2 protein chains.
Amino acid sequence: MLEKTDRKILHELQFDSRRSAATIGEKVGLSASACHRRIRLLEDRGVIEGYGARLNAEKLGYVMTFFVEVTLEGQSETVLGAFERAAAARPEVLECYLTTGTADYVLKVSAQDTDDYERIHRRVISGLPHVIRIQSSLVMKTVKSWRGYPVE
Amino acid sequence: MLEKTDRKILHELQFDSRRSAATIGEKVGLSASACHRRIRLLEDRGVIEGYGARLNAEKLGYVMTFFVEVTLEGQSETVLGAFERAAAARPEVLECYLTTGTADYVLKVSAQDTDDYERIHRRVISGLPHVIRIQSSLVMKTVKSWRGYPVE
DNA sequence: GGTGAAATCGTAGACTG
DNA sequence: CAGTCTACGATTTCACC
């Protein structure tokens with residue numbers, strides 16, 4: 001699926017996308033242009049979806065994170081579809097997953113403070129279509145946050 | 001805490017960090033150098049922690065994602081610390097959070113296939129220190145994946 | 001895939017308003 | 001704190017081996 005050299009390139013770019021093709025090429029044993037060609041190819045194939053800045057959540061004011069388990073009234077395609085569209089449209093909902101297990105969906109939500117969370121809980125999540133049960137877990141400590149996939 | 005213009009800059013950089021200061025400046029109503037100065041400042045202040053490539057998990061072979069709730073035998077600092085260090089060190093553990101609620105920790109784990117997950121479950125997670133209970137939820141659908149904080 | 005060179009682009013600095 | 005202008009450097013891109 002992916003070659004060893006490609007994986008090394010991806011590994012580098014995951015953690016610092018500002019490295020130049022020349023720098024990465026040196027690390028992986030390729031010339032700058034060969035490395036650059038591979039990167040372009042990885043972009044074209046969609047392996048690399050884009051490049052983004054990693055922001056510090058706390059410095060943005062997002063000091064609280066929650067995992068919210070949501071149960072819906074029923075499982076029909078209509079119900080699930082309506083919920084998913086509404087959830088995805090809310091900026092407060094950072095992530096949303098349909099999962100097996102006790103609940104139907106798991107959401108990741110960030111809040112600025114307790115008032116903000118109260119607002120999100122009551123106005124946003126409770127207001128999503130067909131929600132009948134909500135159970136929140138506050139993140140007390142982020143032991144490991146997302147840094148990238150094990151690609152090497 | 002953060003000014004409107006800074007937020008706009010961060011918004012742009014979150015989604016495409018390859019935009020130049022000139023391009024972003026145009027969007028936010030600043031000259032290239034003024035915009036560049038602000039970006040540097042945001043980096044220096046630690047609001048921007050770095051820049052990375054967003055990779056497509058499926059094209060890397062990570063077609064399965066799990067949320068794993070882990071309960072430990074006890075809550076002493078020693079127990080928690082040992083678990084956290086071990087969990088953070090495993091590349092298969094993409095994320096790890098200490099949470100309120102029924103379990104102690106929530107882990108996010110990616111696997112290449114069912115065999116890979118079996119391996120991770122039995123060899124990795126069960127082998128983390130002081131684990132007495134594991135409950136996994138398979139992600140059946142990613143409704144919304146992480147795109148960035150609502151910063152505007 | 002490598003080389004090398006050309007053209008482009010982006011950053012950084014000094015200075016002014 | 002923003003704008004302009006400039007210069008330097010780095011990076012991409014291309015044709016060819």
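Within every chain, numbering begins at 1; the chains are lettered A, B, ... in the order of the sequence lines, protein sequences first and strands thereafter. In this text, all values refer to a predicted model and were calculated from it rather than measured experimentally.
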For [X] and [N], give me the distance from atom [atom1] to atom [atom2], rounded to whole Å.
X       : N      : atom1 : atom2 : result
B:Lys4  : D:dC1  : NZ    : C1'   : 17 Å
B:Arg38 : C:dT11 : CZ    : P     : 17 Å
A:His36 : C:dC9  : NE2   : C1'   : 12 Å
B:Glu3  : D:dC1  : CD    : P     : 8 Å
B:Arg37 : D:dT4  : CZ    : C1'   : 10 Å
B:Leu30 : C:dG10 : CG    : P     : 17 Å
B:Glu26 : D:dA2  : CD    : P     : 17 Å
A:Ile24 : C:dG1  : CD1   : P     : 15 Å

Item to check | Test side chain to side chain contact (heavy atoms under 4.5 Å, CB included) applied to B:Tyr117 and B:Ser136, step by step | outcome: CA-CA 10 Å; B:Tyr117 181 67; B:Ser136 298; 2.4 Å; yes

Next on the checklist: Is it true that, when you exclude A:Arg119 itself, more than 12 heavy atoms of the residues, nucleotides or ligands shown sit nearer than 6.0 Å to its CZ?
Outcome noted: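 Counting neighbours around CZ of A:Arg119, more than 12 heavy atoms of other residues, nucleotides or ligands fall under 6.0 Å, so yes.
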
Checklist entry - Is it the case that one hydrophobic cluster holds both B:Leu138 and B:Val70, taking links as side-chain heavy atoms less than 4.5 Å apart, direct or via other members? => result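 Yes, B:Leu138 connects to B:Val70 through the hydrophobic network.
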
Next on the checklist: At 4.0 Å (heavy atoms only), tell me whether A:Ala21 reaches a base, stays on the sugar-phosphate, or touches nothing.
Outcome noted: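 Answer is sugar-phosphate: A:Ala21 comes under 4.0 Å of backbone atoms only.
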
Checklist entry - Counting only side-chain N and O atoms of A:Ser20, is one of them less than 4.0 Å from OP1 or OP2 of D:dT11? => result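 Yes.
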
Next on the checklist: I want to check one thing: is the phosphate of C:dA12, taken as OP1 and OP2, less than 4.0 Å away from some side-chain N or O of B:Arg40?
Outcome noted: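 Answer yes for this pair, as a side-chain N or O of B:Arg40 is under 4.0 Å from OP1 or OP2.
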
Next on the checklist: Whether A:Glu12 and A:Arg38 form a salt bridge (side-chain N of Lys/Arg under 4.0 Å from carboxylate O of Asp/Glu) is what I want to check.
Outcome noted: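 So A:Arg38 does not pair with A:Glu12 through a salt bridge.
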
Checklist entry - Where each residue is assigned the nucleotide of DNA chain C containing its nearest heavy atom, which of A:Arg18 and A:Ser33 is assigned the position nearer the 5′ end? => result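 It is A:Ser33, whose closest nucleotide lies nearer the 5' terminus.
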
